[in-house]
Amino acid sequence: MKTRIIISGVAVALIAGTTIKLFSNKATVEANVYKLNPEKRVLVQADTASLQNLDRTFTYTGTFVPFKEVMIIPQVHGEVKGVYFNEGDVVSKGKRLVQVDDDLLQAQYVSAEANYETAKRSLSRYESASLGGGVSQLQLDNYRLNLKNAESQLKQLSKQINLSKIEAPFTGTITFKDVEFGSVAGNSPVARLTDLSQLKLEISVPEKEIGMFKEDQWINITTDVYPGKVCKGQIEYVADRADNAHNYSVKVLVKNTASVSLKAGMYGTAFLDTDLNKSSIVIPRSALLGSAKNPQVFVVDGNVARLKSIETGASNGDSVEVKQGIAAGEVVVIGGQINLTDGSNVEIAK
């Protein structure tokens, strides 16, 4: 029994010693932790919110794509009897590019044409005979049906013969060729025709800025291939639906010229100059804190820093428009915010 009492006493002593040690360590840590002196002034940099005309040039980089482009695929099968183009050629609308063998179709057309003429003459004779009552209405209807069938067959063969002559659907440049004399035309493309008389610059615009874009609006376009040269582009299309990143597609038509010869796949930059035409409260961008959805600034009131939520507007990179939250003439902190809390005493660096 005495042994148990001694062991219990030792355990209690150890626990008490550990507890005293922990409290001692806590006191030491708290004594060494830096505590902000509420009376001490934090040195900050500041600037004054002022009324300014906040103009800005918006830039958007995109890629030029052809105005029109089609893959030319034969609609009839057969041996290729003629190829009348090379890759890189500029061809006019209606120019024959490929001739597929149509000898069999031509023979069938001659036969169908003869059948059509025969059906036409037969119907004419029976219509004349029907006037005397020697032909029944059923017979007359059958001959009329025969003529329609012969006419339909003739039109089908004529269409197939025309499709054997593959022609350019519009004026453009051959940018792909995959056909040779003697090969067999099937369901695969034989050429790609690209209209490069004008191109489309496809750019992506954030939702906050899409309101500045209107169809038929003119904007400036540049490309690194021709530094210093500016060409005009006309907005052809403004998307009504955003992508997953809340950006909208805008397509700008740009005419190709001899001095600025653009090619599909080149990068281009669109410039949109804006003028707010009104005085706005403007602060340096370095004053902003918080997130894009909840921007905040420290405003110096006397010698005290007050944290305020604001609503921002346009920006030109260095400066930001403030729509709500502060007034012109208020002093905002632009440096040293990391040391501030709401209500901190401050001193503005001279």
Self-check item: Any residue meeting side-chain hydrogen bond (donor to acceptor under 3.5 Å, both in side chains) with D102, in chain and number order, not counting sequence neighbours
Solution: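 Partners of D102 by the side-chain hydrogen bond (donor to acceptor under 3.5 Å, both in side chains) criterion, ordered by chain and then number, come out as Q106.
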
Practice problem: Run the salt-bridge test on R144 and E127 with the 4.0 Å N-O cut-off and return the result as yes or no. | Solution: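 E127 and R144: salt-bridged.
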
Quiz item: Does a salt bridge link K251 with E202, judged by any charged N lying under 4.0 Å from a carboxylate O?
Solution: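 Counted as a salt bridge, because a side-chain N and a carboxylate O are separated by less than 4.0 Å.
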
Self-check item: F298/V332 under side-chain contact (heavy atoms from CB on, under 4.5 Å): CA gap, chis, key distance, verdict
Solution: CA-CA 6 Å; F298 277 110; V332 295; over 6 Å; no

Between the side chains of [X] and [Y], does any donor sit under 3.5 Å from an acceptor?
X	Y	value
S152	Q156	yes
S92	T171	no
Q153	N149	no

Does atom [atom1] ([X]) have a neighbourhood of more than 12 heavy atoms from anything else shown, all under 6.0 Å?
X	atom1	result
Y126	OH	no
D141	CG	yes
K255	NZ	no
D240	CG	no

If I take atom [atom1] from residue [X] and atom [atom2] from residue [Y], how far apart are they, to the nearest 0.5 angstrom?
X	Y	atom1	atom2	value
E330	T48	CD	OG1	10.0 Å
T269	I203	OG1	CD1	9.5 Å
S249	R241	OG	CZ	13.5 Å
F67	T194	CZ	OG1	13.0 Å
F64	N256	CZ	CG	8.5 Å
E347	R41	CD	CZ	6.5 Å

Quiz item: When the aromatic ring centroids of F213 and F58 are compared, is their separation below 6.0 Å?
Solution: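 For F213 and F58, the ring centres are not under 6.0 Å apart.
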
Can you list, pair by pair, the side-chain donor-acceptor contacts under 3.5 Å of residues 229-238, counting residues two or more places apart and other chains?
residue : atom : partner : partner atom : Å
K229    : NZ   : S259    : O            : 3.3
K232    : NZ   : N220    : OD1          : 2.9
Q234    : NE2  : D216    : O            : 3.3
E236    : OE1  : K200    : NZ           : 3.4

State whether the side chain of [X] and the backbone N or O of [Y] hold a donor-acceptor pair below 3.5 Å, judged by distance alone.
X	Y	result
E117	E113	no
D243	H246	yes
N162	S158	yes
D342	S344	no
S111	Q108	no
S261	T257	no

Is there a path of hydrophobic side-chain contacts, each under 4.5 Å between heavy atoms of I, L, V, M, F, W or Y residues, that connects [X] with [Y]?
X	Y	value
V65	Y248	no
L97	V70	yes
I174	V179	yes
L157	L163	no
L201	Y226	yes

Can you tell if the side chain of [X] reaches within under 4.5 Å of the side chain of [Y], non-hydrogen atoms only?
X	Y	value
L193	T173	no
V282	V320	no
E69	T175	yes
Q296	I310	no
L123	N146	no
V76	I166	no
L147	L145	no
I73	Q75	no

Minimal non-hydrogen separation, [X] against [Y], with atom names:
X	Y	answer
A112	L154	C-CD1, 3.7 Å
P189	F176	O-CE2, 4.2 Å
A270	I219	CB-CD1, 3.7 Å
S204	Y60	O-CD2, 3.8 Å
H77	N187	NE2-OD1, 3.2 Å
L199	K263	CD2-C, 3.7 Å

Quiz prompt | Test side-chain contact (heavy atoms from CB on, under 4.5 Å) applied to L307 and L340, T341, V297, L289, the passing residue | solution =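 Considering L340, T341, V297, L289, a side-chain contact (heavy atoms from CB on, under 4.5 Å) with L307 is found only for L289.
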
Self-check item: Verdict with supporting geometry, L262 and V225, side-chain contact (heavy atoms from CB on, under 4.5 Å)
Solution: CA-CA 9 Å; L262 302 171; V225 180; over 6 Å; no

Self-check item: Full working for side-chain contact (heavy atoms from CB on, under 4.5 Å) between S309 and N294
Solution: CA-CA 7 Å; S309 294; N294 183 29; 3.6 Å; yes

Exercise. In sequence, state the C-alpha distance, the side-chain angles, and the governing distance for E321 and I281, and then conclude on side-chain contact (heavy atoms from CB on, under 4.5 Å).
Key: CA-CA 6 Å; E321 177 191 14; I281 299 172; over 6 Å; no

Self-check item: Geometric cation-pi criterion K95 and Y84, 6.0 Å radius, 45° cone
Solution: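 Not flagged: K95 not positioned over aromatic ring of Y84.
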
